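In this text the structure is predicted, and so the values were computed from the model without any measurement. All values below were derived from every heavy atom in this structure, side-chain atoms included, with hydrogens, water molecules and symmetry-related copies excluded.
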Amino acid sequence: MDDNTPVIIGVGEASERIDAEDYRALSPADLAGLAAAAAVADAGGASDLAAHIQVIAAIRQFEVSGPRAVAPFGRADNFPRAVARRIGADPARAILEPVGGQGPQHLVNEFAQSIGAGETDLALLVGSEAISTVRHLSSRGETRDWSEAIGGELEDRGFGEALMTAELPRHGARTPISVYAMFENARRARLGLGRDAYALEMGRLFAPFTQVAAGNPHAMSRDVHSAEALATVTAANRLTSDPYPRRMVARDQANQGAAVLMASVGKARALGVPESRWVYLLGGADARERTPVERADLSTGPASVLAIRRALDVAGLAPEEVAAFDFYSCFPIAVFNVRDGLGIQPDDPRPLTVTGGLPYFGGAGNNYSMHAIAEMVRRLRAAPGEVGLVAANGGFLSKYSVGVYSTDAAPWRGFDSKALQAEIDGWTAPAVAPGEGAGVVDTYTIDYSGPAPVATVVGRLDDGGERFVAMTDPADAGLAQRMIETEPLGAAVAMSMNDDGRSIIGAFTPAAPADRL
């Protein structure tokens, strides 16, 4: 095996629950430091292994994921070096990755390339969140001082590119839950399912995830739920944005950290890391989708599927040869999309998550997939020769990074995604026009988070067929209530522009009665 072949040699996780007897209200840097120390220990080898780390690349916490975001309890001015200080490392490079759940797998792909090119020989990838602790302490009127003045070199890669044009946020769909809900209802429309039937389909997808989470010591929820329980709206499982009950969306109240240690084969040998710890990256891919309104079909995310197929092609494998998957599961549509696109049947016995998924294991901000990679590495070490695939999603099915893993030694092939990205960039976008006049609803969501429900719809204008975005009047809940009581998909609407530049639905004629819980 060539000395520059990249391998994962160590993984680590740390977590705490606010109801645990040993709860310490650890900061994000503390959780990341514990995970990093666990990854170093997991590798074995030289006692001074941490001192050899050349690069620490860290995932950006949610609370500092925007230019105006403020960490309530303060933060380290150089997060990667705050982690380094906790494990006795002094890396030449410290990196803070942009926003997005694809970040952990993207970093694995990036540093596999760097190691393969002989540019790096030992890199630590790390991230953490303490969202649950922040909310818990704040609700009790308590505070902490998590600020740290570390200083030193930092490669801050910024917040990333804009992922939405103005149409959706202007009409009330500002958050991931609202936008993913529109993707979900577009898929329901394509399948021709009523609300009840589709809710049960989502429940059947996620019920096995709850069983996996129940056996994971780092999971934030260990409760096992049936498909019917997940699909049934109750006081404890309230509707958030149609069609999502609370237990079907990512759980952001998490205190979790994870780390992955990557090395060249030559460095691993020099540090005495046993080959039994090595896991190879057989293939990878990274892709970016256009903004939601610019996608031809809101019911699918073909860029994600192409990225998975590209990673498998690099590895010389077919989907049927993968023993276990971890598909990013912030919402059901993120899993449905790639399951459908790869032709994986609903009764396929292979797990679609190795952690328990974001709604049950925990949606640790941008860092969830670091946990998925860590768990996949442990699973593959326990089953030598099997193949695992981790698929990480960022934004609104916007950014996708994929890795194919195995303990089987394989020559480093290298890969890039330029041709894949060129294909995606060449897709034809639909024409978009202001929502004025008459049209038909292709998809929608109803947001229940405010004082009264508000609906956002995407559809096609009768005159010309252009795509439009519109909303119900927030001051008049009557029309949104009619959408709740009937079927918005395929409904005829009449719209006009108000003085704020928003398209307001004035008339609504449903295509069918409601089929809802």
Side-chain angles (χ1 to χ4, degrees), residues 161-174 178-193 241-243 288-303 333 337 395-398 422-447 453-476 478-480 482-484 486-514:
E161 66 277 22
L163 302 179
M164 277 203 295
T165 51
E167 292 89 351
L168 286 172
R170 183 188 301 134
H171 292 92
R174 299 178 180 85
S178 297
V179 178
Y180 278 91
M182 301 186 85
F183 297 157
E184 202 81 63
N185 279 321
R187 181 176 183 268
R188 178 167 79 82
R190 175 164 55 83
L191 297 179
L193 295 177
S241 286
D242 183 326
R288 298 185 316 277
E289 177 63 279
R290 63 186 66 203
T291 68
V293 168
E294 297 173 300
R295 299 175 196 173
D297 183 354
L298 294 181
S299 74
T300 67
I333 186 63
N337 176 55
F396 310 96
L397 299 180
S398 307
E423 178 181 351
I424 295 167
D425 292 342
W427 292 342
T428 301
V432 181
E436 292 186 281
V440 175
V441 174
D442 290 332
T443 190
Y444 74 97
T445 189
I446 299 169
D447 181 3
V454 177
T456 304
V457 307
V458 175
R460 291 164 287 115
L461 293 173
D462 290 350
D463 185 9
E466 296 96 336
R467 174 171 286 168
F468 70 86
V469 182
M471 68 187 300
T472 57
D473 189 342
D476 180 6
L479 194 55
R482 283 196 61 208
M483 291 186 177
I484 294 168
T486 57
E487 174 59 90
L489 294 173
V493 293
M495 304 154 290
S496 60
M497 302 295 291
N498 71 7
D499 293 339
D500 296 326
R502 292 179 173 85
S503 175
I504 302 299
I505 301 169
F508 167 79
T509 305

Exercise. Please, which pairs that meet side chain to side chain donor-acceptor pair (under 3.5 Å) have at least one residue in residues 423-443, sequence neighbours excluded?
Worked result: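 Qualifying pairs, neighbours excluded: Q421-D425, D442-R460.
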[Y] and [X], any side-chain heavy atoms less than 4.5 Å apart:
X    : Y    : result
D473 : L479 : no
F183 : P292 : yes
P243 : N185 : yes
P453 : I484 : yes
L168 : F396 : no
R174 : D447 : no
P169 : M164 : yes
E289 : L397 : no

What pair of heavy atoms forms the shortest contact from [X] to [Y], and how long is it?
X    : Y    : answer
R467 : P430 : NH1-CG, 3.5 Å
R502 : M471 : CD-SD, 3.8 Å
A303 : I424 : CB-CD1, 3.6 Å
A181 : T445 : CB-OG1, 3.3 Å
M182 : V457 : CE-C, 3.9 Å
I446 : A455 : CG1-CB, 4.0 Å

Exercise. Does CG in D463 sit with more than 12 non-hydrogen atoms of other residues, nucleotides or ligands closer than 6.0 Å?
Worked result: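 No - once you tally the heavy atoms of other residues, nucleotides and ligands closer than 6.0 Å, there are 12 at most.
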Report yes or no: does [X] contribute a side-chain atom to a donor-acceptor pair with the main-chain N or O of [Y] at less than 3.5 Å?
X    : Y    : result
T456 : H171 : yes
E466 : A431 : no
R295 : R290 : yes
D462 : G465 : no
R482 : F508 : yes
T291 : L163 : no

Problem set entry | Value rounded to 0.5 Å, distance of CZ in R188 from CG in L489 |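 So the CZ of R188 and the CG of L489 are separated by 4.5 Å.
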For this session: Tell me, with the steps shown, if M483 and Y444 meet side chain to side chain contact (heavy atoms under 4.5 Å, CB included).
Result: CA-CA 10 Å; M483 291 186 177; Y444 74 97; 5.5 Å; no
